[in-house]
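Each remark here refers to the structure printed beneath this line.
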Amino acid sequence: MNRRPFIKQLLHISGGTLLASQMPFLLSCKPFDSKEKLGIALVGLGNYATHQLAPAILETKHCYLAGIVTGTEAKEAVWMSKYNIKKENVYNYDNFDSIKDNPEIDIIYVVLPNSMHAEFTIRAAKAGKHVICEKPMATSVADCKKMNAACKAANKKLSIGYRLHFDPFNDQMMRLGQNKVYGNRMDINTDFSFTLNDPNSWRTKKKFAGGGPLMDLGIYCLQGCIYTFGELPTELRAKASTKNSALFKDVEGTMEWEMTFPSGKANCKTSYETPFASYLTAKTEKGTLELNPSFNYDGLSGSTPDGPMQVQNVNQQALQIDAFALNVLNDTNTIVSGEMGLRDLYLIEKIQESAAQNGKLIQLNDVPNYLDLRPLL
Ligand code: NAD
């Protein structure tokens, strides 16, 4: 089959505008549920909730910011006034469970330090609410299993805040890579790093972060490799290193790892100790596919052997949240599920295991088989 016309179509989607029909998770059929807009409560009002998620909720079609859960009393009045939130929809970490009696809250969005994701996701499910949990899903596979079980037992949906599955540049990478448009073999290089200097950040503490930049940033590289190949890795080896051991006492400053996939190799790096980097490059048999930057909220850029990707940046978080609202309203499955979150924690644990054993090669025989596969348009 001559795929060039399809590729051309893919690269020049209606002159650069992405159509909803080309991103199936954006398709909004009439919701079956009688509620047209779902109420979201954000748990943890830190940087990501304040500067990205709350403004993004304003941009959604199917949600509104109905409530907040915070341990900082001073934030309550500010948020109530800014987002028109009712006093009775404001909770703290102690009275959080009484949210079960609040019919205005449909979805709880957990945006706390990583080690707190499991507790609050499980409490939210027990309160009878659907949950979006930020990445990484948890700090262990064992916790991911408990979270999935709690949501299943409560018959509530769970999705992970993997915003890049809703980004058109990463979507193109998935479609072109997975469908082997530029050949059967690919070799990937990817890095997501920034310099972290704050000694008080929970990100430097294993108890809260579960690990170093791998948990926070490297998870994007891991995801990027899997969704570009559309395959699971078969073996990996990893090396951790730290330059500033006064700052990074119990997590690594840098993690580098290699993975073998059925269709090629991947070299990955993530660091809190090197200058900002955010790219994913796939060398194919017919040239290079590249996203640079690849993992940012905005300003993404991509190229293929046939030229620049002609799609546009979007509000990733708004699309991610709306897609989940439609999953709830139409009783459909999320593409970024708790099973996907568990798969990634499984691989993160294997990377940590290899690094702890000086780069021992680890065979991956039972990776949870969960993939976001997309056809060529
Ligand atoms: P942050 O430190 O800015 O916010 C954390 C919030 O948790 C704060 O409001 C803090 O008060 C609260 N908190 C409650 N108990 C705490 C405790 N014991 N220690 C520290 N903080 C406590 O962090 P953030 O950057 O907003 O990250 C929060 C979560 O969101 C993390 O899991 C992170 O991985 C995720 N995140 C995701 C993205 C993304 O692009 N999807 C981007 C940034 C952060």
Side-chain angles (χ1 to χ4, degrees), residues 40-57 68-76 78-79 90-96 108-121 123-124 131-140 143-144 147 159-167 169-170 192-194 196-224 251 270 272 276 278 293-300 313-321 323-324 334 336 338 340-341 344-345 348:
I40 298 192
L42 287 170
V43 187
L45 308 180
N47 276 318
Y48 193 53
T50 304
H51 301 298
Q52 306 300 327
L53 295 178
I57 291 170
I68 48 174
V69 184
T70 176
T72 314
E73 241 183 285
K75 290 182 185 169
E76 294 180 2
V78 178
W79 280 71
V90 176
Y91 295 84
N92 58 44
Y93 301 128
D94 296 326
N95 68 16
F96 171 64
I108 289 181
Y109 198 143
V110 179
V111 209
L112 291 162
N114 306 342
S115 63
M116 299 172 76
H117 291 181
E119 177 191 338
F120 281 84
T121 295
R123 284 170 73 179
V131 188
I132 308 177
C133 174
E134 257 317 315
K135 46 57 59 178
M137 178 172 172
T139 52
S140 69
D143 275 354
C144 293
M147 294 157 80
S159 79
I160 311 302
Y162 286 138
R163 58 186 164 77
L164 292 177
H165 289 254
F166 305 89
D167 160 65
F169 291 91
N170 282 275
F192 195 17
S193 298
F194 69 75
L196 180 69
N197 291 317
D198 178 5
N200 297 318
S201 170
W202 59 262
R203 286 181 161 83
T204 65
K205 299 179 176 60
K206 188 160 184 163
K207 181 173 170 235
F208 287 108
L214 175 62
M215 282 282 176
D216 192 27
L217 308 174
I219 192 167
Y220 288 95
C221 302
L222 180 64
Q223 279 250 322
V251 300
T270 184
Y272 282 149
F276 183 79
S278 167
S294 47
F295 306 126
N296 301 18
Y297 304 142
D298 201 0
L300 276 66
N313 283 279
V314 294
N315 186 325
Q316 299 162 4
Q317 291 86 354
L319 295 183
Q320 171 214 321
I321 294 166
F324 187 60
T334 168
V336 285
M340 178 180 277
D344 294 345
L345 256 297
I348 283 172

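Source: prediction; values computed, not measured. Start at 1 and go down the list; that is how both ligands and their atoms are numbered.
Only the side chain of Arg203 comes within 4.0 Å of ligand 1, judged by heavy-atom distances. Contacts between Tyr93 and ligand 1 below 4.0 angstrom, taking non-hydrogen atoms only, involve the side chain exclusively. Residue contacts with ligand 1 for Gln52 are absent, since no atom lies close enough (heavy atoms, distance under 4.0 Å). Under 4.0 Å from ligand 1, heavy atoms of Tyr48 appear from its side chain as well as its backbone. Neither the backbone nor the side chain of Tyr109 comes within 4.0 Å of ligand 1, counting heavy atoms alone. Using a 4.0 Å cut-off between heavy atoms, Leu45 contacts ligand 1 through its backbone alone, with no side-chain atom that close. With a heavy-atom cut-off of 4.0 Å, Asp216 touches ligand 1 through its side chain alone.
At least one test fails for Arg163 against the ring of Phe166: distance under 6.0 Å to the centre or angle within 45° of the axis.
For ligand 1, the atoms closer than 4.0 angstrom to any heavy atom of Lys75 are 9 (O). Close approach of ligand 1 to His117 (heavy-atom distance below 4.0 Å) involves ligand atoms 32 (O). The ligand atoms of ligand 1 that sit less than 4.0 angstrom from a heavy atom of Val111 are 28 (C), 29 (C), 30 (O). If you number the atoms of ligand 1 from 1 as listed, the ones under 4.0 Å from a heavy atom of Lys135 come out as 32 (O), 33 (C), 34 (O), 35 (C), 37 (C), 41 (N).
Checking side-chain atoms of Asp344 against main-chain N and O of Gly341 turns up no donor-acceptor pair under 3.5 Å. In this structure, the side chain of Thr270 engages the main chain of Gly218 through a donor-acceptor pair within 3.5 Å. A donor-acceptor distance shorter than 3.5 angstrom exists from the side chain of Asn170 to the backbone of Ser294, with no hydrogens or angles considered. Judged by distance alone, with hydrogens and angles left aside, the side-chain atoms of Gln316 form no donor-acceptor pair with the main-chain N or O of Leu164 at under 3.5 Å. Here the side chain of Thr334 pairs a donor or acceptor atom with the backbone of Val336 at under 3.5 angstrom.
Contact analysis leaves Gly71 out of contact with ligand 1, as no non-hydrogen atom separation drops below 4.0 angstrom. Using a 4.0 Å cutoff on heavy atoms, Phe295 does not count as a contact of ligand 1. Ligand 1 lies within reach of Met116, whose nearest heavy atom is under 4.0 Å from it.
Atom CZ of residue Arg203 and atom CZ of residue Phe208 lie 13.0 Å apart, to the nearest 0.5 angstrom.
Summary of contacts: the protein heavy atom closest to atom 23 (O) of ligand 1 is Trp202 NE1, 3.5 Å. Of the protein's non-hydrogen atoms, Pro113 CG, 3.4 Å is the one closest to atom 21 (N) of ligand 1. What sits closest to atom 4 (O) of ligand 1 on the protein, heavy atoms only, is Gly46 CA, 3.2 Å.
The shortest N/O to N/O separation between Phe208 and ligand 1 does not fall below 3.5 Å. Here's the thing with Gln317: none of its N/O atoms is less than 3.5 angstrom from an N/O atom of ligand 1. Between Leu112 and ligand 1, a contact under 3.5 Å exists for at least one N or O pair. When only interatomic distances are considered, the shortest N/O to N/O separation between Thr72 and ligand 1 does not fall below 3.5 Å.
Listed by chain and number, the residues in a salt bridge (charged side-chain N to carboxylate O under 4.0 Å, His left out) with Asp143 are Lys146 (sequence neighbours excluded).
Of the listed options Arg163, Glu134, Gln316, Glu134 places a heavy atom closest to atom 37 (C) of ligand 1. Considering each of Ile219, Asn114, Leu42, the one bringing a non-hydrogen atom nearest atom 32 (O) of ligand 1 is Asn114.
Within a 4.0 Å radius of atom 10 (C) of ligand 1, the protein has no heavy atom.
In this model, a donor atom of one side chain and an acceptor atom of the other lie less than 3.5 Å apart for Tyr48 and Gln317.
Remark: of the listed residues Phe192, Tyr162, Phe295, Tyr162 is the sole one forming a side-chain contact (heavy atoms from CB on, under 4.5 Å) with Ile219.
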